[in-house]
Asks: 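What follows is a single structure, and I will ask about it in a moment.
The chains referred to below are lettered A, B, ... by the order of the sequence lines, with proteins before strands, and numbering in each begins at 1.
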Protein chains: 2
Amino acid sequence: MKAGADIAAEADVAGGRQDTKEVILDAAEKLFAEKTYSAVSLRELTQAAGVNLAAVNYHFGSKDALLIALFRRGAIELNRARARLLREAEEKAGGATPPVREIVAALVLPAIRYSFTSTRLALYNQFVAFARGDGPAEAREMLDKEVGHLQRFALSLARALPHLPQHEVYWRLHFAMGVQHSLYTDMKRLETLSGGLCQLDDLDAVANRVIDFVTAGLEAPYTAKG
Amino acid sequence: MKAGADIAAEADVAGGRQDTKEVILDAAEKLFAEKTYSAVSLRELTQAAGVNLAAVNYHFGSKDALLIALFRRGAIELNRARARLLREAEEKAGGATPPVREIVAALVLPAIRYSFTSTRLALYNQFVAFARGDGPAEAREMLDKEVGHLQRFALSLARALPHLPQHEVYWRLHFAMGVQHSLYTDMKRLETLSGGLCQLDDLDAVANRVIDFVTAGLEAPYTAKG
DNA sequence: CATTGACTTAAACACTTGTTTGAATCTAGC
DNA sequence: GCTAGATTCAAACAAGTGTTTAAGTCAATG
């Protein structure tokens with residue numbers, strides 16, 4: 001049985017090999033993003049991580065549990081960063097509503113940072129498919145909690161865009177998430193489309209681009225039908 | 001050996017059972033979208049399609065070849081529809097450049113239609129992962145050809161948005177594709193986020209929403225850095 | 001130093017995977 | 001009506017899957 005894994009986390013960091021649990025998570029993050037959760041075998045995964053085959057089942061219980069732990073690690077960090085930025089923007093605005101552009105920045109910046117430093121976000125869709133499919137109820141609950149975090153942004157945007165009906169705000173927030181997704185899926189397509197002209201190199205430039213696009217989309221005039 | 005499969009395609013349509021090849025493609029389209037290419041076994045797939053286990057290998061050669069054929073069927077139809085709409089918009093504009101909004105409509109409308117009638121588009125990301133991963137060169141070539149079709153839209157948009165440098169046009173076209181993707185991935189999130197308020201029910205309304213958002217994003221002022 | 005408990009390891013387990021086979025069935029064409 | 005070729009079918013195949021086991025290693029504790 002395991003026990004002190006959490007306490008003795010940073011056992012021999014300088015020694016070269018970090019905590020096994022985290023080594024596995026890192027390797028899984030990379031491989032699941034490159035291929036697919038179900039396309040990556042535990043043998044391939046553990047070999048890439050440099051750990052024994054049984055390590056995954058020992059430390060996480062099962063392959064499914066590994067995916068859940070992996071998603072949890074990423075979701076917590078991401079939502080924490082988003083919430084902090086949104087709070088800062090709200091404080092800066094005093095009692096008033098922050099401008100749309102700053103709400104968008106709070107929503108989008110953490111994800112953009114991840115796009116530059118890791119493949120962490122790329123497995124979101126994988127996890128959704130897993131959760132909706134055969135995945136356990138625990139996975140579905142995590143997705144629901146994820147939605148809960150987005151509600152704060154929906155609220156803020158609704159206040160900043162009073163000319164829009166509530167459901168339109170939801171739709172446009174959804175589209176904004178789609179733009180965000182485009183940063184860690186299909187980047188290859190953009191690179192070949194642009195002949196190598198467009199790449200994830202300058203974080204500030206990319207961030208500005210995304211924020212410009214999304215802000216304009218959110219602020220677009222509302223053309224109700226007939 | 002097979003031979004007359006293509007000619008005798010519509011053998012007994014009225015009899016109840018359509019061509020086996022297409023029954024398999026339809027079932028695969030549905031299942032691959034719901035779960036994942038590698039998460040769907042041939043046994044599950046053939047059972048859902050009501051055909052024998054060996055039918056896939058007989059008609060397509062392998063599971064991989066089935067995925068490729070599936071993607072090809074969808075890509076051809078989609079690109080054909082897009083190209084037609086773009087051509088019509090250009091003809092309507094005479095020699096001049098069509099307005100951004102109509103270019104966007106040509107790009108987006110066919111995909112939106114598919115989102116309402118089938119799960120066809122949902123496997124795009126799956127296919128990308130497959131092609132970049134262990135997939136055969138044939139798959140990668142298909143993706144490149146896909147990019148080629150997008151070039152026509154990049155060109156049209158560049159003409160309609162002369163104030164933007166070329167690479168910025170590419171980026172924004174990329175974002176537009178991201179918005180499009182949001183229609184067939186994560187719709188569940190939007191539904192729970194909005195408490196069931198937002199759904200894929202009224203095609204024209206959704207189309208207008210998407211076109212409004214994307215057009216505004218594309219036409220956003222260009223804020224070059226430094 | 002011996003012992004405990006967390007961790008690692010190699011081997012085996014039961015099971016599912018995609019694919020192949022060879023016989024059975026069906027369908028035109030002479 | 002019979003033959004030839006396309007299609008279907010049940011059964012088997014080899015390879016790979018996630019998981020479990022039991023022996024082994026190691027560091028800290030008493």
Asks: Does A:His59 place a side-chain N or O at less than 4.0 Å from the phosphate oxygens OP1/OP2 of C:dT8?
Replies: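 Yes, A:His59 has a side-chain N/O under 4.0 Å of OP1/OP2 on C:dT8.
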Asks: Can you name the salt bridge (charged side-chain N to carboxylate O under 4.0 Å, His left out) partners of A:Glu168, sequence neighbours left out?
Replies: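 In terms of salt bridge (charged side-chain N to carboxylate O under 4.0 Å, His left out), with neighbours along the sequence ignored, A:Glu168 is linked to A:Arg172, B:Arg209.
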Asks: Would you tell me whether B:Ser156 and B:Glu90 have side-chain atoms, one donor and one acceptor, within less than 3.5 Å of each other?
Replies: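 A pair is found: one side chain offers a donor N or O, the other an acceptor, under 3.5 Å apart.
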Asks: Below 3.5 Å, can you tabulate the donor-acceptor pairs from side chains in residues 121-136 of chain A to any protein atom, sequence neighbours excluded?
Replies:
{"unit_1": "A:Tyr124", "atom_1": "OH", "unit_2": "B:Arg189", "atom_2": "NH1", "d": "3.1"}
{"unit_1": "A:Gln126", "atom_1": "NE2", "unit_2": "A:Phe32", "atom_2": "O", "d": "3.4"}
{"unit_1": "A:Gln126", "atom_1": "NE2", "unit_2": "A:Lys35", "atom_2": "O", "d": "3.3"}
{"unit_1": "A:Asp134", "atom_1": "OD1", "unit_2": "B:Lys35", "atom_2": "NZ", "d": "3.3"}
{"unit_1": "A:Asp134", "atom_1": "OD2", "unit_2": "B:Lys35", "atom_2": "NZ", "d": "3.4"}

Asks: When rounded to the nearest 0.5 angstrom, what is the spacing between CZ in A:Phe60 and CD1 in A:Ile68?
Replies: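 One finds 11.5 Å between CZ of A:Phe60 and CD1 of A:Ile68.
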Asks: I want to check something: taking the side chain as every heavy atom from C-beta on, are A:Glu141 and A:Glu146 in contact at a cut-off of under 4.5 Å?
Replies: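 Not in contact.
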Asks: Take atom CZ of A:Arg43 and atom C1' of C:dT16, then tell me their distance rounded to the nearest Å.
Replies: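 Between C1' of C:dT16 and CZ of A:Arg43: 13 Å.
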Asks: Taking only nitrogen or oxygen atoms into account, show me every contact under 3.5 Å that the protein makes with nucleotides 20-28 of chain D, one pair per line with its distance.
Replies:
none

Asks: In whole Å, I'd like the distance from the CG atom of A:Leu42 to the C1' atom of D:dT19.
Replies: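 Between C1' of D:dT19 and CG of A:Leu42: 9 Å.
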Asks: How close or far is atom P of C:dT17 from atom CG of B:Leu45, stated in whole angstroms?
Replies: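 Taking CG of B:Leu45 and P of C:dT17, I get 12 Å after rounding.
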Asks: Who are the salt bridge (charged side-chain N to carboxylate O under 4.0 Å, His left out) partners of B:Arg82, not counting sequence neighbours?
Replies: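 Listed in chain order: nothing, the list is empty.
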Asks: Between the side chain of A:Ser182 and the main-chain N/O of A:Val179, is any donor-acceptor distance below 3.5 Å?
Replies: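 Yes, the answer is positive, given that a donor and an acceptor are paired below the 3.5 Å cut-off.
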Asks: Output the residues of residues 62-69 of chain A in contact with DNA chain D, where contact means a heavy atom of the residue under 4.0 Å from an atom of the strand; sort by number or write none.
Replies: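 Hits under 4.0 Å, by residue number: A:Ser62, A:Lys63.
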Asks: Rounded to the Å, how far apart are A:Ile24 CD1 and D:dG18 P?
Replies: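 Going from A:Ile24 (CD1) to D:dG18 (P), I get 14 Å.
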Asks: Give the rounded distance in Å between these two atoms: CD of A:Gln47 and C1' of C:dT8.
Replies: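 Spelled out: CD on A:Gln47 to C1' on C:dT8 is 16 Å.
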Asks: Let me know the distance between CZ of B:Phe130 and C1' of C:dG18, rounded to the nearest Å.
Replies: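 After rounding, the reported distance stands at 13 Å.
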Asks: Is the shortest side-chain N/O distance from A:Thr20 to OP1 or OP2 of C:dC7 below 4.0 Å?
Replies: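 So the side-chain polar atoms of A:Thr20 never come under 4.0 Å of the phosphate oxygens OP1 or OP2 of C:dC7.
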Asks: To the nearest Å, how far apart are B:Phe60 CZ and D:dT8 P?
Replies: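 Spelled out: CZ on B:Phe60 to P on D:dT8 is 11 Å.
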Asks: Between residues 28-41 of chain B and DNA chain C, which residues have a heavy-atom gap below 4.0 Å?
Replies: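 B:Val40, B:Ser41 - these, ordered by number, are the residues of the stretch whose heavy atoms sit under 4.0 Å from the strand.
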Asks: Knowing that exactly one of A:Leu150, A:Val214, A:Leu86 qualifies, which makes a side-chain contact (heavy atoms from CB on, under 4.5 Å) with A:Leu107?
Replies: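 Exactly one option meets the side-chain contact (heavy atoms from CB on, under 4.5 Å) with A:Leu107, and it is A:Leu150.
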Asks: Looking at A:Glu138 and A:Arg72, does any basic side-chain N land under 4.0 Å from a carboxylate oxygen?
Replies: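 A salt bridge links A:Glu138 with A:Arg72.
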Asks: Report yes if at least one side-chain N or O of B:Asn52 is closer than 4.0 Å to OP1 or OP2 of D:dA10; otherwise report no.
Replies: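 It does, given that an N or O in the side chain of B:Asn52 lies less than 4.0 Å from OP1 or OP2 of D:dA10.
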Asks: Report yes or no: does A:Lys63 contribute a side-chain atom to a donor-acceptor pair with the main-chain N or O of A:Tyr37 at less than 3.5 Å?
Replies: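 Yes, the answer is positive, given that a donor and an acceptor are paired below the 3.5 Å cut-off.
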Asks: What residue among A:Arg120, A:Arg73, A:Lys21 forms salt bridge (charged side-chain N to carboxylate O under 4.0 Å, His left out) with A:Asp26?
Replies: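 Single salt bridge (charged side-chain N to carboxylate O under 4.0 Å, His left out) partner of A:Asp26 among A:Arg120, A:Arg73, A:Lys21: A:Arg73.
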